[in-house]
Protein chains: 6
Amino acid sequence: MKNKIYKNEVLDIIRAAISEDLGGYGDITSKYLISSDDKISSYVICKEKEGAVLSGLDIACYIMEEIDASLEFKKLKHDGQKLNCKDRICTINGPALSIIKAERTCLNFIQHMSGIATITNKFSTIASRYNVKIADTRKTKPLLRKLEKYAVLCGGGYNHRFGLFDGVLIKDNHITAAGGVKKAVNKVRDKIPHSLKIEVEVKNLSELKGAMSCKVDIIMLDNMDPKQAKEAAAIVKREMGSSCLVEISGNVNLNNLEDYCKTGIDLISVGYITHSAPAVDFSLEFVSS
Amino acid sequence: MKNKIYKNEVLDIIRAAISEDLGGYGDITSKYLISSDDKISSYVICKEKEGAVLSGLDIACYIMEEIDASLEFKKLKHDGQKLNCKDRICTINGPALSIIKAERTCLNFIQHMSGIATITNKFSTIASRYNVKIADTRKTKPLLRKLEKYAVLCGGGYNHRFGLFDGVLIKDNHITAAGGVKKAVNKVRDKIPHSLKIEVEVKNLSELKGAMSCKVDIIMLDNMDPKQAKEAAAIVKREMGSSCLVEISGNVNLNNLEDYCKTGIDLISVGYITHSAPAVDFSLEFVSS
Amino acid sequence: MKNKIYKNEVLDIIRAAISEDLGGYGDITSKYLISSDDKISSYVICKEKEGAVLSGLDIACYIMEEIDASLEFKKLKHDGQKLNCKDRICTINGPALSIIKAERTCLNFIQHMSGIATITNKFSTIASRYNVKIADTRKTKPLLRKLEKYAVLCGGGYNHRFGLFDGVLIKDNHITAAGGVKKAVNKVRDKIPHSLKIEVEVKNLSELKGAMSCKVDIIMLDNMDPKQAKEAAAIVKREMGSSCLVEISGNVNLNNLEDYCKTGIDLISVGYITHSAPAVDFSLEFVSS
Amino acid sequence: MKNKIYKNEVLDIIRAAISEDLGGYGDITSKYLISSDDKISSYVICKEKEGAVLSGLDIACYIMEEIDASLEFKKLKHDGQKLNCKDRICTINGPALSIIKAERTCLNFIQHMSGIATITNKFSTIASRYNVKIADTRKTKPLLRKLEKYAVLCGGGYNHRFGLFDGVLIKDNHITAAGGVKKAVNKVRDKIPHSLKIEVEVKNLSELKGAMSCKVDIIMLDNMDPKQAKEAAAIVKREMGSSCLVEISGNVNLNNLEDYCKTGIDLISVGYITHSAPAVDFSLEFVSS
Amino acid sequence: MKNKIYKNEVLDIIRAAISEDLGGYGDITSKYLISSDDKISSYVICKEKEGAVLSGLDIACYIMEEIDASLEFKKLKHDGQKLNCKDRICTINGPALSIIKAERTCLNFIQHMSGIATITNKFSTIASRYNVKIADTRKTKPLLRKLEKYAVLCGGGYNHRFGLFDGVLIKDNHITAAGGVKKAVNKVRDKIPHSLKIEVEVKNLSELKGAMSCKVDIIMLDNMDPKQAKEAAAIVKREMGSSCLVEISGNVNLNNLEDYCKTGIDLISVGYITHSAPAVDFSLEFVSS
Amino acid sequence: MKNKIYKNEVLDIIRAAISEDLGGYGDITSKYLISSDDKISSYVICKEKEGAVLSGLDIACYIMEEIDASLEFKKLKHDGQKLNCKDRICTINGPALSIIKAERTCLNFIQHMSGIATITNKFSTIASRYNVKIADTRKTKPLLRKLEKYAVLCGGGYNHRFGLFDGVLIKDNHITAAGGVKKAVNKVRDKIPHSLKIEVEVKNLSELKGAMSCKVDIIMLDNMDPKQAKEAAAIVKREMGSSCLVEISGNVNLNNLEDYCKTGIDLISVGYITHSAPAVDFSLEFVSS
């Protein structure tokens with residue numbers, strides 16, 4: 001399935017973003033210099049050297065449309081596609097004044113979302129060789145989680161729970177409060193929507209065995225090194241088979257990723273891909289006439 | 001003056017961020033495990049090795065307050081302050097359930113804003129030795145520009161125009177549309193709020209002279225190398241003195257920063273500090289009883 | 001754990017509700033007749049003959065607070081509690097003008113949410129005798145799903161997925177589009193957040209076996225009669241044990257509920273409890289002085 | 001005049017409703033199984049046995065449009081029309097993915113609003129034989145009053161005041177606060193917009209006479225039985241003629257409705273039609289190809 | 001009863017107004033010059049020569065509170081009160097930075113609303129000598145109708161309908177569309193909420209008689225001169241007594257007001273008091289220490 | 001360049017304005033009298049005797065579109081154009097019901113914005129003869145500043161800073177807090193976005209010299225009479241040439257405007273043009289068939 005964002009899903013966000021850049025006076029430079037009737041042809045190109053992965057092009061299209069419905073936006077690439085340097089990702093034709101007003105807002109979405117897609121893709125390209133999935137976390141930029149998690153998908157990654165409301169993750173404090181892992185898991189199992197799995201975070205093998213005894217659906221190994229992770233994964237797979245997923249979280253980076261991938265775990269969740277992804281460089285250019 | 005965010009300035013943002021994480025069901029793990037009456041003591045620590053710069057602590061305070069007015073939040077550091085690893089930046093005491101609900105949302109603001117403050121500080125520490133200012137750009141994350149530009153101040157940087165509405169920057173396309181730099185500058189000067197300066201972007205010495213002949217207030221050197229920048233700056237300072245600022249933009253990074261600082265320019269605007277700042281690692285810990 | 005709504009979770013809703021009733025002119029009768037200084041004591045009583053279950057009291061408290069922070073609201077009951085006729089659920093003391101302005105808006109929340117809690121309780125009281133859970137559906141009133149699903153919890157019911165985004169339910173059309181149940185389940189399993197279970201809707205035993213062969217987590221029996229349901233549940237439990245839940249949906253009412261409860265299924269999801277629950281009668285009374 | 005809702009009147013409501021069902025991830029089942037290009041034909045049918053009255057079809061149309069402007073929506077019935085079981089009320093053709101995403105949100109509006117229209121119609125069909133009007137009350141679901149009062153019109157009922165701001169209803173507490181019915185009526189008459197009538201609630205004949213002596217426009221008989229109501233109506237009509245309307249409120253249901261209709265009153269306001277109307281069953285079906 | 005605005009009635013408006021003045025950077029002058037800890041005493045005075053009427057003081061209080069909850073706001077006057085030049089209407093003590101940020105936003109509300117109250121008071125002082133009421137119209141500033149109509153009350157005027165939804169006014173086009181005044185009135189009478197009166201606009205005596213024959217509640221004389229108005233009022237009062245109000249609208253100003261007041265009509269609606277009221281001059285002063 | 005408002009710039013405002021007039025019930029008179037199918041031709045005319053200046057026509061167009069996309073709106077004039085009495089500014093053809101619903105909201109924008117444009121034009125016509133600019137202030141109606149400042153442009157005036165965030169104006173209190181004008185200017189110069197000029201308010205020649213010594217960009221003469229202003233302007237121009245603008249503020253009206261224009265200053269900022277502009281009279285008329 002193609003990655004796609006529908007307009008109604010992002011309308012509030014793009015309106016807020018446009019208004020953030022235009023304020024009360026609008027584009028105070030252009031409006032006195034460029035007639036609202038002047039037409040021009042333009043395109044957006046990728047200026048990144050290494051192969052970037054595109055994300056956010058639908059949004060750029062909606063922004064142009066929102067600012068001026070007469071603009072013609074044509075996609076040359078689609079979200080999730082790998083780009084070469086100088087690749088043109090779209091053309092926009094119409095009033096120059098409108099294009100200039102929309103330019104930075106469009107690029108800010110694309111550069112940020114493609115940044116996440118690109119770094120995710122670096123992780124997932126390696127991990128997929130080992131049948132390991134790269135998942136995102138809740139360590140996202142406020143107000144942009146929806147878009148950042150979409151960008152992770154574009155990069156070949158997988159989504160973890162969206163928020164506190166659609167996935168259960170039992171940690172130390174929960175276990176203490178409930179009076180032990182068994183009580184915690186049972187209480188939660190009895191109460192949550194039955195469409196949700198139960199995940200428990202463990203720090204060592206003793207905690208691991210406690211969690212397994214409750215037949216949890218997912219075990220998260222917290223900050224283990226590859227050796228510990230391998231031992232833990234082996235125990236889970238031996239005793240619970242594929243009915244229990246093993247996820248690792250913490251300290252995984254592009255340098256040690258392969259070591260973790262070899263441990264037999266199922267997933268690695270990586271905060272870095274959303275909280276620290278560097279932007280990908282894009283630029284809007286005018287076709288000189 | 002201390003850096004400070006007022007609650008009314010960020011109320012909409014923090015409400016949207018809280019609701020992004022809690023959705024319709026709330027914290028589905030904790031609400032079945034932790035009584036709303038259980039009290040606990042907690043604190044937030046910095047886990048970054050190198051000296052990070054704090055930004056966003058006021059916001060964390062407002063988030064806690066919004067989720068549960070009975071929480072006691074005490075600041076141990078303030079925005080703009082340098083941190084050592086393991087520094088505690090605040091304590092939060094009160095219902096454990098409320099603290100856990102607010103935890104990730106608080107940390108997401110602090111880690112992102114401190115990331116920007118920290119990288120800005122690296123640039124500005126070097127630049128300030130040469131009396132050069134580091135300024136931000138409009139290359140920010142959508143909906144978060146207000147916060148990101150505040151974080152730049154915390155890091156010792158300076159703000160450029162907020163959007164298209166509060167600063168004039170005349171570029172190629174404007175000059176073409178107006179029929180020459182002189183016409184462009186004059187039209188704009190006649191029309192814009194008189195509280196705004198006029199900045200013109202130039203790519204070479206010929207354009208530079210055109211701009212100078214219009215007595216513009218600021219000249220932006222676009223993507224020049226240090227040698228070109230030095231020549232350009234010298235011309236401006238010789239002919240216009242301090243009445244015209246020289247700004248450079250494009251391709252400046254921590255490696256070549258000093259070379260640019262030595263050119264005699266006044267400011268360097270750096271997109272990197274807002275569009276690609278890696279997050280700073282913070283963690284909320286419970287005081288074990 | 002006690003059922004509890006936090007103010008920040010419902011602030012937008014209560015503001016919209018208050019403004020719906022007060023419009024631009026406010027309470028046009030009272031403001032010309034009652035001084036804003038007149039104080040009074042009042043309480044809310046339940047006027048329902050049969051044992052109602054309370055839901056929405058926290059919201060009433062927040063509405064009073066929003067309209068006039070000087071009002072004193074004291075809860076005498078709590079959400080989820082069974083009520084007798086004439087039970088007082090709270091007292092409100094303070095300016096009469098403020099209480100009258102808030103009265104109907106408060107009661108509209110309580111009467112509606114308690115209506116859902118009460119009918120849910122009738123279903124779940126019966127079902128719990130058979131260890132069967134009563135779950136809600138997405139057949140809720142627009143804009144009020146959050147509150148209606150909370151009311152279901154108050155009544156002793158369970159929540160199904162909140163929306164299309166936090167639970168997977170594969171139906172006929174999905175299977176057709178994917179080219180068979182196996183393809184559908186595998187595609188979804190590969191892509192969705194790993195914290196979610198997979199549920200498949202089946203209409204007969206042949207579809208049931210298809211779903212079982214994919215090791216789905218939940219099977220929904222669609223509109224089966226008790227006899228068919230019993231046969232289906234037996235097959236699932238025999239072949240998959242407790243690793244696969246059996247849910248029934250459609251045509252269950254208070255008359256045939258026990259028949260369905262005896263079939264060995266795990267859950268019954270009932271649209272009626274949210275889309276057709278009759279209101280419970282509450283009234284606000286003034287203490288005559 | 002045909003009952004009709006304009007899109008701008010409900011835009012905020014339908015956007016909130018869509019977002020309630022789709023959240024941050026969208027339709028997590030369908031988006032991995034159904035291509036955004038697949039087209040399909042579908043229709044909505046009424047599954048209610050007894051003659052339901054349609055309300056909300058315009059809204060369904062706007063929801064489909066909002067989710068995907070390429071969908072073709074064709075109305076086969078209109079709001080206010082009586083339906084037979086299996087009647088098709090509209091067809092929707094276009095991308096299957098979009099139709100499935102919109103399905104439940106559309107049906108939730110139609111089933112709820114038609115529920116109100118249908119029960120209102122039962123009351124008003126009987127009452128109209130006696131030239132008595134059935135009016136709604138302010139006992140509505142929060143945030144949906146606008147739609148519920150529209151549905152009452154679709155069912156042949158009449159609207160009472162929308163909120164506290166557009167109609168005057170003087171009750172006990174007002175009279176006490178003002179120091180007697182005469183003072184209350186005079187104060188209000190002097191102050192309110194002159195476009196509004198004045199209604200006074202009375203509990204017995206003594207209060208009735210007090211209200212009549214003030215020449216009020218409407219008298220509301222509160223919780224009187226049919227015999228008392230008849231006596232009261234006779235007095236009003238005899239002494240004030242048609243210049244004063246008589247309304248009854250409280251305890252009226254389909255069993256005793258005719259008794260009340262025979263009393264000579266003008267209107268009956270019924271909370272039940274909005275606070276307790278059971279939903280009407282509709283279903284969206286795909287045309288198999 | 002005292003004129004009073006509750007905070008929840010204006011919260012959205014004051015938040016939008018504050019954000020309009022502070023934007024993303026806040027008070028860019030003060031924040032670098034005034035420490036957030038500096039405290040000061042200040043007051044607001046009226047600088048108008050002629051007796052102004054105060055309106056909007058509650059709002060100023062809420063704005064100060066919203067910007068900084070630590071500010072102490074003390075009212076010295078109240079809305080609706082007549083002011084002399086140099087009268088102090090309130091004191092505000094606390095952080096100077098906060099007071100300066102709030103100053104202009106507060107004054108903009110007070111100067112505008114007091115402007116309306118003051119001009120209304122001029123009209124109503126004259127009219128009240130003749131027992132004629134001055135009413136407002138729907139000719140208000142967009143988004144501020146609620147406040148402007150409140151200011152009319154402060155000035156001693158009366159409110160007409162708030163919008164199209166809470167009052168019936170039948171004009172030429174309605175009559176033509178309905179096929180005559182009788183049909184129009186009857187159709188409307190049958191349909192509208194029974195709490196509303198029916199008003200008909202007439203241009204001459206012939207239309208007047210048509211309206212009277214339908215027993216309408218209010219007759220609006222459209223753009224008649226005093227002589228015509230007198231004749232019309234006499235007819236209405238003779239034939240319908242006090243059961244029908246007579247309103248005049250159009251061309252009434254302070255010069256001809258008394259002429260109109262002597263015609264025997266009940267009300268004069270004046271667009272000028274809301275659409276063209278000049279501001280009243282207020283100023284915030286610091287107490288020098 | 002033509003004055004033009006883009007739809008996305010005012011969408012929130014026009015939606016709020018429409019909803020302010022239509023409320024929950026809509027146009028309660030028209031919807032029962034005029035079929036939604038009836039078509040009509042209409043136009044808007046200017047009824048002002050003296051030459052008014054148009055502003056707000058784009059907004060009227062968007063309102064019509066928002067209420068009914070089938071309406072055909074044709075502009076006959078454009079914003080900023082001078083009008084004669086009886087000039088038709090646009091035609092609107094389509095459903096009569098939709099036109100009537102939109103009428104008052106459209107006219108309220110046009111009459112208010114044209115009022116500002118017209119009075120501004122009176123000032124600027126005189127001032128322009130002396131090469132003096134008329135600028136607006138922050139003394140605007142809350143929530144409408146964007147539109148009012150646009151209207152000032154339409155009238156030939158100039159915009160001052162939009163809010164506290166996009167222009168620096170150092171006043172008494174700032175200077176006191178900073179410990180002298182020099183410290184104040186230097187602190188601010190070091191911190192603010194370098195795209196902004198610095199303006200200092202002075203009350204007498206001594207303060208003027210202090211400000212000049214800091215090389216500020218703009219000097220605001222506060223409440224000086226023409227003689228003082230002339231002296232001050234002469235000093236500034238003699239010592240600082242055109243590098244420092246001189247602005248006067250306070251007490252300028254149409255009577256003394258020319259006196260001020262002759263003083264050699266550059267700009268006059270006038271609160272009156274936004275806070276007290278009387279409305280211009282427009283009317284929507286139907287073409288009789």
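Protein chains get the first letters and strands the later ones, always in sequence-line order, with residue 1 at the start of each.
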Using non-hydrogen atoms only, which part of D:Leu196 is less than 4.5 Å away from chain E: side chain, backbone, both, or neither? both
Closest heavy-atom pair and its distance - E:Leu267, D:His194: CD2-ND1, 3.3 Å
Contact part of E:Asp190 toward chain D, heavy-atom cut-off under 4.5 Å: side chain, backbone, both or neither? both
Inspect the surroundings of NZ in E:Lys75 and state if more than 12 heavy atoms from other residues, nucleotides or ligands are less than 6.0 Å away. yes
What residues of residues 131-152 of chain D make heavy-atom contacts with chain E at a cutoff under 4.5 angstrom? D:Lys133, D:Ala135
Relative to chain E, which of D:Glu199, D:His160, D:Lys187 shows the most heavy atom pairs under 4.5 Å? D:His160
Do D:Arg161 and E:Pro193 have side-chain heavy atoms sitting under 4.5 Å apart? no
Going by residue number, which parts of residues 241-248 of chain E are within reach of chain D, meaning a heavy-atom gap below 4.5 Å? E:Leu245, E:Glu247
Non-hydrogen atoms of D:Asp166 and E:Ser195 that approach each other most closely: O-OG, 3.9 Å
With a sphere of 6.0 Å drawn around CG of E:Asn204, does it hold more than 12 non-hydrogen atoms of other residues, nucleotides or ligands? yes
Above 12 or not: heavy atoms from other molecules or residues under 6.0 Å from NZ of E:Lys230? no
CG/E:Asp225: more than 12 non-hydrogen atoms of other groups inside 6.0 Å: yes
Is the shortest side-chain heavy-atom distance between E:Tyr158 and D:Ile192 below 4.5 Å? no
